[in-house]
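The structure under discussion appears below in the form of structure tokens.
Computed from a predicted model, the values in this text were never measured in an experiment. Per chain, numbering begins at 1; letters A, B, ... match sequence-line order.
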Number of protein chains: 2
Amino acid sequence: MKDKPLRSAPTPSVRRMPRYLRCLHALRSDRVEWISCTFLAERLNVDPTLVRKDLALTGITGKPKVGYYLPDLIMAVERFIGWDNPEDAFLVGAGHLGTALLGFEGFARHGLNIVAGFDNDPTKVGTTVADKPILDAAKLPDLAQRMHIRIGIITVGARNAQAVADLMLSGGITAIWNFAPVPLDLPEDVILENEDLSGTLAVISRRLAASGI
Amino acid sequence: MKDKPLRSAPTPSVRRMPRYLRCLHALRSDRVEWISCTFLAERLNVDPTLVRKDLALTGITGKPKVGYYLPDLIMAVERFIGWDNPEDAFLVGAGHLGTALLGFEGFARHGLNIVAGFDNDPTKVGTTVADKPILDAAKLPDLAQRMHIRIGIITVGARNAQAVADLMLSGGITAIWNFAPVPLDLPEDVILENEDLSGTLAVISRRLAASGI
DNA sequence: TAGATTGTTAATCGATTAACAATC
DNA sequence: TAGATTGTTAATCGATTAACAATC
């Protein structure tokens, strides 16, 4: 019942939220009830003001001298990220990477519920991976539409990634998490996040090369 | 023989380099010889000045009106990232994610040469994945030291990640690419890059939740 | 030459950090 | 109360974008 239930927030802040959350969950296991962002900041090795601003984004308010009430804070952060009610997702590409993602138990706690995998390899179609069915990729658009799936995860190779993305769009999917090492050509309004391994690799290589001097 | 062979560069710039490189390689296949950063910028949908500044970091100079000589540019960018001579690496955790990474052909062209995988599952030790041997994790420190390995890739679960990191450090590894969803506690001088899936997931979830309003 | 493009300096923008009054 | 902590406003910092002279 807040005035501004969901406003746009700085992406770096959103990215930090899971780190706070992990720390908060650990504190809850320790039966902590009140938590100051001074403490949180020290634990995560970031600036206290930054933590305070980030937490303020979730709409929660703390009490001077005591901090934030932990259960409320956890709920506020989860609600802010949208992890309070997990979203169903489809994954295409049941190779090793896809299998790894299908098997990640953690996703459920991270607002993501992968309900099925897709592939066009006939030897894979009809099997299950981590209790999730692997279906024929051709069936994706129809199923996605009927199940109102909004998130698609691409774990196919570079060659097929764009075709898979198009397939997802035709099924009404509006957010794509792309693990293929190619830029995708998508409409402006589609939410796209690339898991940019080569970018990370470049940072590591560069630092290593520079440190050798 | 430049004055400043390797200076610190903005991380966002370094992250963009692989995108330029991919585009440049494609242009080379098309037999293009000269390339302007105006063109590159348009193709990659970024600001031309940004491209110019990024490319300037590599030390290359272009010619007004013509642009940059493609072969030189590619070499300059690769050299800047440190991809001109690939670096050997060890990977620990031969699960699905580890197997996927061991099998990525693309890494060789990205300055990374994973020479072996490690695990402590006896059924995996002694096998090969993508022609790479899976060895007993206990042997890592000694081997890493003898082979002067500097890069370690962690693809084990959250529980074991810190232990694996410590193992790597004891083997003299100085750069860690961490795929486990836990923050690692490492000395300041160790190069660390986390593949932060939950952060990405938060960004997607948040955008999706916000778009629903 | 004219005009496109480079290289560089200045302006803007956004995120982080610092400062400080309000408060329990 | 005294002191720690919140919430907010101002300053800093770094990256991106704009402006423009130099150049082939």
Next item on the list: Could you check which residues of residues 14-28 of chain B get a heavy atom under 4.0 Å from DNA chain D? Sort them by number, please.
Entry: B/R16

Checklist line | Among D/dA18, C/dT16, D/dC24, the nucleotide that comes nearest once only the side chain of B/D47 is considered | finding: D/dA18

Note to self: Could you check whether any side-chain N or O of B/D119 sits under 3.5 Å from a backbone N or O of B/G93, counting only pairs where one atom can act as donor and the other as acceptor?
What the structure shows: no

Check: What does A/S36 touch in the nucleic acid at a heavy-atom separation under 4.0 angstrom: a base, only the sugar-phosphate, or nothing?
Finding: sugar-phosphate

Margin query: Ignoring hydrogens, what is the shortest heavy-atom contact between A/S211 and B/R150? Give both atom names and the distance.
Written below: OG-NH1, 4.4 Å

Notebook entry, point to check: Rounded to whole angstrom units, what separation is found between the CG atom of B/L57 and the P atom of D/dT16?
Noted result: 11 Å

Notebook entry, point to check: For B/W83, does its backbone N or O pair with a side-chain atom of A/R206 as donor and acceptor, under 3.5 Å?
Noted result: no

Item checked: Protein-nucleotide distance (B/L44, atom CG; D/dT17, atom C1'), rounded to Å -> 17 Å

Could you give the side-chain donor-acceptor pairs of residues 61-76 of chain B under 3.5 Å, partners two or more places apart or in another chain?
none

Note to self: By nearest atom, which of the nucleotides D/dA4, C/dG7, C/dA4 is closest to the A/K65 side chain?
What the structure shows: D/dA4

Note to self: Between C1' on D/dT6 and CD1 on A/I35, what's the gap in Å once rounded to a whole number?
What the structure shows: 14 Å

Next item on the list: Tell me, yes or no, whether the heavy-atom count around A/N85 atom CG, taken from other residues, nucleotides or ligands under 6.0 Å, exceeds 12.
Entry: yes

Check: What's the CG-C1' distance between A/N45 and C/dT17, to the nearest Å?
Finding: 15 Å

Next item on the list: Determine: side-chain N/O of B/Y69 to OP1/OP2 of C/dT6, distance under 4.0 Å, yes or no.
Entry: no

Note to self: Looking at B/S29 and B/H25, would you say the former's side chain and the latter's main chain have a donor-acceptor pair under 3.5 Å?
What the structure shows: yes

Margin query: Please report the distance, rounded to the nearest Å, between CD1 in A/I60 and C1' in D/dG7.
Written below: 14 Å

Next item on the list: Step through the shown structure and confirm whether more than 12 heavy atoms of other residues, nucleotides or ligands are within 6.0 Å of CG on B/D30.
Entry: yes

Check: Which of the following nucleotides, C/dC24, D/dC24, D/dA18, is nearest to the side chain of B/T49?
Finding: D/dA18

Note to self: If the threshold is 4.0 Å, N to carboxylate O, is there a salt bridge linking A/R28 and A/E33?
What the structure shows: no

Check: Which nucleotide in the set C/dT5, D/dT17, D/dT5 lies at the smallest distance from any side-chain heavy atom of B/T38?
Finding: C/dT5

Next item on the list: Take atom CG of B/L50 and atom P of C/dG7, then tell me their distance rounded to the nearest Å.
Entry: 15 Å

Checklist line | Residue pair A/R15 / B/T200, side-chain donor-acceptor N/O under 3.5 Å | finding: yes

Check: Could you give the CZ-to-P distance, from A/R52 to C/dA18, as a whole number of Å?
Finding: 13 Å

Notebook entry, point to check: Dot-bracket for DNA chain C, 5' to 3', with Watson-Crick and G-U pairs under 3.5 Å, [ ] for crossing pairs and | for other-strand pairs: what is it?
Noted result: ..||||||||||||||||||||||

Margin query: Quick check: on DNA chain C, is the nucleotide nearest A/K63 upstream (toward 5') of the one nearest B/K53, or the reverse? Name the residue that is more 5'.
Written below: B/K53

Next item on the list: Indicate yes or no for a side-chain donor-acceptor contact from A/N178 to the backbone of A/A180 under 3.5 Å, with no hydrogens or angles considered.
Entry: yes

Notebook entry, point to check: For B/D54 and C/dT6, what is the distance between atoms CG and C1' respectively, to the nearest whole Å?
Noted result: 15 Å

